[in-house]
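Okay, so here's the structure we're looking at.
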Amino acid sequence: NSVLSTESFGHNIIYRETAPSTNAIAKEEARRGAPAGTIVVAEEQTGGRGRLQRAWFSPYAKGIWFSLILRPHFSPLEASKCTLLAAVALVRAFHTAGLTEAGIKWPNDLLVNRRKIVGILTEMDATMEEINYIVMGIGINTDVARVDLPEDLRDKATSFLLEGVRIPRKELLNLILMELETLYTEVEHNGFANILDEWRKYSVTLGRDINVITPGYTYSGKAIDIDSDGCLLVETDHGVERVLAGEVSIRYK
Ligand code: BTN
């Protein structure tokens, strides 16, 4: 803990050599009362998961696979914006680390030259009135080399190593926790409005022609903005659609 420069984030660390998924462990620990700021870190995940039930490739010591437990006081309706917060914090930390090219693909990916370097999976336990806990799961490809990547990910994924930026994982994790803590504290006091502009600045989605893919159907349009709820606003032939992150994915045209 002596290397950590945060007030509380990451002071309680649950470390695993190998884990099915750090999100699963974090949820279990949160249910058992683990304090806010607790992180679960694993060298390797055997069942790493992404949004929409996708698998998340998490090879041994080649990335930072971790989950952060939060117990915010804001409304459950605001929880999905934690993903936006995480994305902004990660871009800031990457800038400090020397990786300046990362952009945010709505809602939860960081890309470098169209290739994915980060995935974020936010999960929540709440009633209608209040949040019990949020688990923010973050996967960062740091040392993934081309040979490590399964065939189907070769053109879709990148890493710090592949982008030519070397930084020890511990140092990067410390930078990330610092930025997460700063932004989270700010949001707990002043709400999310202040981070939306920074999100827009780092976005690589806004201004693009995209396909919105829902379980039922697909439509196309132009991503024009996000609203105060974090929904993506897509201009189509039939007017502006408000897209909620939950069950959709988007693809650039
Ligand atoms: C996505 O791209 O859809 C999100 C990927 C999230 C991956 C991280 S790695 C740490 C945490 N544990 C998981 O099983 N998933 C998240």
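Counting starts at 1 for both ligands and their atoms, in listed order. Source: prediction; values computed, not measured.
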For Asn211 and Thr218, does a side-chain donor sit closer than 3.5 Å to a side-chain acceptor? no

Where do Thr83 and Asn108 land on the side chain to side chain donor-acceptor pair (under 3.5 Å) test, with the steps shown first? CA-CA 6 Å; Thr83 300; Asn108 68 328; over 6 Å; no

Atom 15 (N) of ligand 1: closest protein heavy atom, distance to 0.1 Å, is Arg49 O, 2.7 Å

Of all the atoms in ligand 1, which lie at a distance below 4.0 Å from a heavy atom belonging to Arg51? 1 (C), 3 (O), 4 (C)

Is there a continuous path of hydrophobic side-chain contacts, each under 4.5 Å between heavy atoms, that joins Tyr184 to Leu121? no

shortest atom 8 (C) of ligand 1-to-protein heavy-atom contact is with Gly139 N, 3.6 Å

Report, in ascending order of atom number, the atoms of ligand 1 lying under 4.0 Å from any heavy atom of Gly50. 1 (C), 3 (O), 4 (C), 5 (C)

Those atoms of ligand 1 less than 4.0 Å from some heavy atom in Thr22: 10 (C), 11 (C), 12 (N)

Side chains of Glu163 and Thr158 only: does a donor on one sit below 3.5 Å from an acceptor on the other? yes

Going by atom types alone, do Tyr133 and Glu123 pair a side-chain donor with an acceptor below 3.5 Å? no

Short version for Leu52: what comes under 4.0 Å of ligand 1, heavy atoms counted, is neither

May I ask you to list the atoms of ligand 1 that are less than 4.0 angstrom from any heavy atom of Gly48? 14 (O)

Please confirm whether Lys116 comes within less than 3.5 Å of ligand 1 when only nitrogen or oxygen atoms on both sides are compared. yes

So is Arg54 close enough to ligand 1, meaning a heavy atom under 4.0 angstrom away? no

For the CZ atom on Arg200, are there more than 12 heavy atoms of other groups (residues, nucleotides or ligands in this structure) within a distance under 6.0 Å? yes

So the atoms of ligand 1 within less than 4.0 Å of a heavy atom of Gln45 turn out to be 9 (S), 10 (C), 11 (C), 12 (N), 13 (C), 14 (O)

Can you list the atoms of ligand 1 that are under 4.0 Å from a heavy atom of Phe66? 10 (C)

Quick check: closest heavy atoms across Ala97 and Val165, and the distance to 0.1 Å? O-CG1, 3.6 Å

Could you check whether any side-chain N or O of Arg54 sits under 3.5 Å from a backbone N or O of Arg49, counting only pairs where one atom can act as donor and the other as acceptor? no

